[in-house]
Every structure is written in C-alpha cells, then in structure tokens.
Amino acid sequence: MSRIHRLFALTLVAACICGPGLAQPPKTVGPDNSNLDGELFYEILLGEIESTAGDVGSAYALMLNAARKSNSPRLYERAIEIAYRARSGEAALEAAQAWARAMPSSKEANRYQFQILLGLNKIAETQEPLKRELAGLASLERVQAINLLPRYFARTTDKKQATTVVEKVLLADTATRSTGPAAWAAIGTMRLQAEDVNGALDAARKGLALDSESEDVALLAIALISPKTPEAEAMVRKYLAGKPTPDVRMAYARSLLNTQRYAQTYAQMEVLTTERPDYADAWLLRGSLELQDGKLALAEASLKTYVTLNPLPPEPAQSPATMGRGLVQAYLALSQVAEQGQRLDEAKAYLDHIVSPRDALRVQRRYAAILARQGKLTEARAAIRDVPETQTSDAVDKLNAEAQLLRDSHEYAAAHQLLLEGSARYPDDTELVYDLAMMSEKLGKTEEMEQLLRRVIQAKPDYHHAYNALGYSLADRNIRLPEARQLITQALAFAPDDPFIVDSLAWVEFRSGNTAEAIRLLQGAFQARPDAEIAAHLGEVLWSVGQKDQASAIWKEGIGLNPQSETLRDTMQRLRGKP
C-alpha cells in the first residue's frame, strides 16, 4: 500500500466519522466521535484500505460491522456506497435495512431502503418504507410528497403491482379533502401507467368530487384526453370554467396542439394571454400559431411580448448555455415573420440574437433560406453543409435541411438526387424515404412514389403521413378510390381531426361525386387550419357547382395566406379563376 493510498484511506475514515469539518482546528469541547476506540478505528481504516485495493467484499463487511458498532449514519451510507460499487443490490439493501432498524426515525435510512427496493424491483416491499416516508408530514408537505409518487415508480416493470402498493399506502388519504385530490390524482396516474384507463378515469371522478378546483386532478384528466375518453375532456372543460391555474390551461393547450386542434389551441391562448398577460409561454405559443396561420402582424406582436417578458442577461453574463429554448424559438419565429414580410436584413438580425450551439443547424437553416431568397442558392447550401456535426443525427438533419432548401427553390431534380443518395446511406430512416417519395411525385414518378410510400408503411405502420400521401395521390389521379378512402381513413385513425387528412378525405368524396360532403369537410378543415392548399381544393369544389364568387373569395384568402402556393396558383389558372 503506497503512502498516498494510506493518506487517502485515512481521509475517508475522517470524513465518515467526523464529517466535512474535520480539517478545521480542533475545538475545546469533546469530539462527536468520542465512541471511536482504537479497535473500531482500525476496522474502518482496514475497510477503506480493502476498498482502495479493490476487495470490495471485505471492505463492505468491515464497514457494515463498524457502522453497527458505532451507530454512525455516515458509516452505514459508506457501506451502501461500497455495495453499489460491487454492483450488489442485495448487500446495499442489507446495509440500508440494518441502518433503518438501528435508527427507526431516520428519514435518510428509510429513503435509502425505499430507493434500493425500487432498484431491485421488489415493489411489494416498498409499501412499509413508503408509509414511513409519508408519516408525520404536514398537510402541504404530504400533498407534495404524494405528487411525486408516480415518478418514483415510473421505471418499474410491474406497473400493476406498483399501483396496488400506492393505493394501499394512500387509502386513508383518499377520504379527506386536504389530501384526497392529490391522492386520487397519484392513483389515477399510476393506473394510467398500468394502462388501466377506466380505473384512471374513475380516480379522476373521485378526485374532482372531493375538490372540483383541484389542479392535480385536472392535470390527470388532461393526460387522459383521447377520442375514446370524451369524459376526460369534459372534466377539463368543467375545471377551466371555474378558476383554473394558468399552468393547467397551458397543459390543456399543449394537449390540443399535440392532436393538431390548432383553432382550439389558439382560443385557449387568447384566454390565457388576456387573463395573465405576464404568462410568457402563452405568448410564445400564441405567436407561433399566428405565424402558422399567416397572421404576421399579430405573430410579431405576440413574439415580441414573449421576448420582453424573457430578457437576456447583460453581458458578460450571457453565455451559450443561458439562452433558453423559448427565446431560441421566439427569435427563429421573428426571423421567419420578417422574412415573409420581405424584410430580409431584419430577418438576419433576429438570427444574430441567437446564442445556442445546439441550435446551430436550425439557425443556419433559416439563414440559408434567406440567402436562397436573395438568389444565393449555392452559398445557402454551403452554409448548411458547414454546420459542425456534434451528434450522429446531425448528418441526416443537415441532409434534410439542404433538401428542403432545394424544394423551396423549386430545384426538384436536385432535391430528388440528394434524397436518393441520403436514403441509400441511411436506409432505415423513414423520414428520408418519405421525403424522397414526395420528390418522386413532384417529378411525375408516381410508380416510384407509391413503392416508396408502401416501404415506409411497412417499416413504420403508424406513420400516418405515408397513408395520407398515398391516399391523396390516388384520389388526385382519380384512380382506385376505394383504396384511397381506406388509406386516408387509416391515417385519420392515427391523427383524428388533422385538417390536412380531412382535406384528403374531402378530395376522395369530390372524386367520388359526393360534392356536398366534400364541401362540408373542406369548410371544416379550412376553419380548423386556414391553409392555401386547403383553400385551393375548397375553391375548386365550389367552382364545380357554380359557386364561382365563393370560390374566388376563398382563393383570394388563400393567396393572402401563402402567395407562393403552387397548388393554389395552378388551380386558379386551370379553372380561370382570378387572384
């Protein structure tokens, strides 16, 4: 044993017995470790020496024995650390249980025991430590602890058994108004993790019966929202009609956004920014939706409000790590607003505000798009290719960015060739194959497109974009309409109410002669998501039934949304409509 190793071991002994203050000058009062005799000191020292030498089995036995003799929490903790080092969960559990028996009131010992049992997947045995953890907590602290329970069990393999444990531990809590809503929310979340949706709904009902204004239960109900559980959304709406917290309204908005219910998401943001104008995230989401809908002036105002509510720290405190994700998104969106308003220098200036290495590709992508609009396509492509690759996915992301640049510049053949090469290098990337299929269609290679889309569906059966694209292509060519309907219906099963998929279904109805149904579907899709392509289709169907004034009005609105829309301009030219 080297002198350095011996000194290291002695330091560890001192730390375990006396704590971090040992290096300070000795005090006149007696030491805290007055029960440390020579034999015990030697045992601890030997344990540390064995640990340093790599004999963790002997080190563990010595340290646990010393902990039992001295009743030292730090020695019990050290024994657990040594057991972890030996990758022996059972030994760590033995030390934690010995600690808990020696000091029944020790919260730290109990937490170690609980965490080790979780790690060993001994779910049933966590019940008693969990009860002790909650025992004696005041009402507010108990609610906070209850809220954390689903996180503790999130990685367990037996979710049903974990749910049973939590239900038993919280049985008394479910009956009181002070802790009941949180308890039912935790139980409901556990049931949802165990795929017991009906049980989770029942928990939400019981929680709201105790307190209709419970934020915890409202968040559970939001997690339960799906086409198969309309009751969950009804619970949320009832909660929102009272005195909702902004966090719950925001969570509901994000749920709506995830299911592409944009109009309803925007309505929630209008309410939230009115009720709480200082709630920054609402302005960011509102501005993003306004930009998506082509409402540039409103988007700019909302995004600038968000930036005002989230000022950058002054120099030199600012560093790449200090700019949050929200600010990055806001400046990117503001750049896009300026670009669409033909204020290209201002668009670049917004990009210059962004200090975030991990977003380098996103920023450079926007910068390249501006260069391309200035006629500098070669320079734009080089800008994307020059972005450093810091992780494995960066190469594919750069390829996608360059392909999008070529698409936007109408260089379809070049985009097709780039994607063809990329899909050969990354054959398992379904996004690349899908994008290649879309480029094949642009070049009139419909047979190739169909083969590629079927390849995507086979590789990723839940990729609804592929079903929709193939179904729409068949409908647009007016062939195999029953198959087109089946494909689009399948896409809707994965993404209910998606306005673009509804647009595709409407196109099948139109090709099938069901004009009235096509108009109904297209009007609903356009209301949910004002978009130039949907406007093109709605206008064409209206034109076909002689409603030419209405068609022209819709097309005019579509041009306002996206003056560069090829689909809309081609439709208007083909049917002799006027912008």
### Task
For the residue pair Trp99 and Tyr112, categorise the inter-ring angle as parallel (less than 30°), tilted (30 to 60°) or perpendicular (more than 60°).
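If you compare the ring of Trp99 with that of Tyr112, the planes turn out tilted.
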Shortest non-hydrogen contact from [X] toward [Y]:
X: Thr176; Y: Leu210; answer: O-CD1, 4.0 Å
X: Pro246; Y: Arg276; answer: CG-NH1, 3.3 Å
X: Ala330; Y: Tyr306; answer: CB-CD2, 3.7 Å
X: Asn147; Y: Pro150; answer: O-CD, 3.5 Å
X: Leu309; Y: Pro277; answer: CD1-O, 3.7 Å
X: Ala92; Y: Ile80; answer: O-CG1, 3.9 Å

### Task
Give every residue pair that meets the salt bridge (Lys or Arg N to Asp or Glu O under 4.0 Å) criterion with at least one member in residues 132-151, sequence neighbours excluded.
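Listed by first then second residue: Arg111-Glu133, Arg142-Asp173.
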### Query
Are there more than 12 heavy atoms of other residues, nucleotides or ligands under 6.0 Å from atom NZ of Lys238?
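Open.
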### Query
Does atom CD of Gln458 have more than 12 heavy-atom neighbours, drawn from other residues, nucleotides or ligands, at distances under 6.0 Å?
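Counting neighbours around CD of Gln458, 12 or fewer heavy atoms of other residues, nucleotides or ligands fall under 6.0 Å, so no.
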### Query
Stepwise, does the side chain to side chain donor-acceptor pair (under 3.5 Å) test hold for Tyr60 with Glu94?
CA-CA 11 Å; Tyr60 167 78; Glu94 178 190 16; 3.0 Å; yes
First locate atom [atom1] of [X], then atom [atom2] of [Y], and finally report the distance between them rounded to the nearest 0.5 Å.
X: Gln161; Y: Thr126; atom1: CD; atom2: OG1; answer: 8.0 Å
X: Tyr279; Y: Leu285; atom1: OH; atom2: CG; answer: 10.5 Å
X: Leu432; Y: Asn400; atom1: CG; atom2: CG; answer: 5.0 Å
X: Arg286; Y: Gln268; atom1: CZ; atom2: CD; answer: 12.5 Å
X: Thr273; Y: Asp278; atom1: OG1; atom2: CG; answer: 11.0 Å
X: Leu303; Y: Gln336; atom1: CG; atom2: CD; answer: 10.0 Å

Can you tell me if [X] uses its side chain to pair, donor with acceptor, with the backbone of [Y] under 3.5 Å?
X: Arg191; Y: Gly199; value: yes
X: Lys398; Y: Val387; value: yes
X: Thr174; Y: Gly180; value: no
X: Ser212; Y: Leu208; value: no
X: Trp184; Y: Arg205; value: no
X: Ser106; Y: Met103; value: no
X: Thr229; Y: Glu231; value: no
X: Ser335; Y: Tyr331; value: no
X: Lys159; Y: Ala154; value: yes

Under 4.5 Å between any side-chain heavy atoms of [X] and [Y], yes or no?
X: Trp283; Y: Met269; answer: no
X: Arg254; Y: Asp281; answer: yes
X: Arg425; Y: Leu399; answer: yes
X: Ile146; Y: Asp216; answer: no
X: Val248; Y: Tyr252; answer: no
X: Leu148; Y: Gln144; answer: no
X: Asp293; Y: Arg529; answer: yes
X: Tyr152; Y: Phe114; answer: yes

### Message
For Lys160, is there an ion pair with Glu195 - N to carboxylate O distance below 4.0 angstrom?
### Response
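Looking at Glu195 and Lys160, the cut-off is not met.
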#### Entry: Electrostatic pair Asp359-Arg325, nearest N-O below 4.0 angstrom
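Here Asp359 pairs with Arg325 in a salt bridge, since their nearest N and O are under 4.0 Å apart.
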### Task
List for me each residue that meets salt bridge (charged side-chain N to carboxylate O under 4.0 Å, His left out) alongside Glu128, sequence neighbours excluded, and say none if there are none.
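Checked Glu128 against salt bridge (charged side-chain N to carboxylate O under 4.0 Å, His left out); matches are Lys131.
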### Message
With salt bridge (Lys or Arg N to Asp or Glu O under 4.0 Å) as the criterion, how do Lys243 and Glu213 come out once you've worked through the C-alpha distance, each side chain's angles and the decisive distance to 0.1 Å?
### Response
CA-CA 7 Å; Lys243 297 178 180 178; Glu213 297 181 356; 5.5 Å; no
Compute whether any side-chain donor of one residue and acceptor of the other, for [X] and [Y], lie under 3.5 angstrom apart.
X: Thr156; Y: Asn121; result: no
X: Ser214; Y: Asp211; result: no
X: Glu431; Y: Tyr463; result: yes

### Query
What do the steps show when you test Tyr76 against Glu108 for side chain to side chain donor-acceptor pair (under 3.5 Å), and what is the final call?
CA-CA 11 Å; Tyr76 277 116; Glu108 193 174 9; over 6 Å; no
### Task
Kindly indicate, with the supporting measurements, whether the criterion side chain to side chain contact (heavy atoms under 4.5 Å, CB included) is fulfilled by Asp196 and Thr163.
CA-CA 10 Å; Asp196 180 8; Thr163 303; over 6 Å; no
### Query
Which is it for Thr390 and Asp394 under the side chain to side chain donor-acceptor pair (under 3.5 Å) test, yes or no, and what are the steps along the way?
CA-CA 7 Å; Thr390 58; Asp394 286 347; 3.0 Å; yes
